[in-house]
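Working notes, beginning with the structure itself.
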Amino acid sequence: MEAAGISPEPLVCLRARDLLHTVIVGHDGAAALITEVEAYNGPDDPASHAYTRTPRSTMMYGPPDRLYVYRIHGHHCANVVTSPEGEGAAVLLRAGRIVAGHAQARARRGDVADHLLGRGPGNLARALGITMADLATELTDPRGVHLAGSRAGGGPPAGVGVGPRVGVRLAADRPWRFWVPGEPSVSAYRRHRAAVGDDR
DNA sequence: GTTTAGATCAACT
DNA sequence: GTTGATCTAAACG
């Protein structure tokens, strides 16, 4: 019997919330205020690449504040490893508002409206110039792609939107997506066509 | 065995 | 028209 058991959010969700309204600096001066993220909880999350442990996913089990990049549909997606060594949790950067280097971002993305430059994980990565070459980048090292030390959006967001992750097939109902309400750069929810929930 | 490159198609703008 | 923690297949060790 579930005694009013609202399952507590894993730590990675708190880290995901923390990343909102922080700035990620990409290549050639392009930078984005993070407005939408998703949490992936390693071995306890069927939707995570770390669910099966391989030489590749081992990187996610490594030290935090490193960049995990993967390809999908010919695009790249950027994740931040957030957990201490051994846990394999990471946060997908789903959207951001370009706050610097608009010209560079637009050169890579094409001539689109500002709020569309970093809308969606593939677009955000492209706007920032992130590719597989940036895999395992130290996000604390200002020489390359990195996270700004502190929030530059005027502080933490007033409220945070919460909902299920976009486009995942497995564990589709876990509300581990977080976004800044009112941000036009946040993408709409799209459920996977063959989405499957958890059995627990 | 694992990893990267490309593609498909429902949902979105 | 555009996008994407899916999917298949080719490349690699």
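Here the structure is a predicted model, which is why all the values come from computation and not from measurement. Chain A is the first sequence line, chain B the second, and so forth, proteins listed ahead of strands; every chain is numbered from 1.
The base of dT3(C) is paired with the side chain of R190(A) by a donor and an acceptor separated by under 3.5 Å. If you check distances only, the side chain of H73(A) does reach the base of dT6(C) with a donor-acceptor pair under 3.5 Å.
Remark on DNA chain B: of its neighbouring residues L135(A) and G74(A), the 5'-side contact belongs to L135(A), judged by nearest-heavy-atom nucleotide. Nearest-nucleotide assignment on DNA chain C puts the 5′-proximal partner with R193(A), out of R193(A) and R169(A). Both R56(A) and R191(A) lie close to DNA chain B; mapped to their nearest nucleotides by heavy-atom distance, the more 5′-ward contact belongs to R56(A).
Relative to the side chain of H192(A), the nucleotides dA5(B), dA5(C), dT6(C) differ in distance, and dT6(C) lies closest. When each of dT2(B), dA5(C), dG6(B) is scored by its nearest atom to the side-chain atoms of R71(A), the top-ranked nucleotide is dG6(B).
Between the CG atom of N79(A) and the P atom of dG4(C) there is a distance of 13 Å, rounded to whole Å. Atoms CD (E38(A)) and P (dT6(C)) sit 10 Å apart, rounded to a whole Å. Atom-to-atom, CG of L116(A) to P of dT3(C) comes out at 9 Å; the value is rounded to the nearest Å. Distance R94(A) CZ to dT3(C) C1': 9 Å, rounded to the nearest Å. Atom CZ in R174(A) sits about 13 Å away from atom C1' in dA5(C), given to the nearest Å. Protein atom CG of D111(A) is 13 Å distant from nucleotide atom P of dT2(C), rounded to whole Å. Whole-Å rounding puts the H49(A) NE2 to dC7(C) C1' distance at 12 Å. As a whole-Å value, the separation of Y40(A) OH from dT6(C) P is 7 Å.
Taking CG of L19(A) as the reference point, atom CD1 of I34(A) lies at 5.0 Å (rounded to 0.5 Å).
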Where do R109(A) and D114(A) land on the salt bridge (Lys or Arg N to Asp or Glu O under 4.0 Å) test, with the steps shown first? CA-CA 10 Å; R109(A) 283 277 294 113; D114(A) 278 14; over 6 Å; no
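For D134(A) and H27(A), the side-chain atoms include at least one donor-acceptor pair closer than 3.5 Å.
The side-chain tip of R53(A) points at the ring of Y61(A) from less than 6.0 angstrom away and within 45° of straight on. Cation-pi contact between R56(A) and Y70(A): absent, since separation from the ring centre below 6.0 Å together with deviation from the ring axis within 45° is not met.
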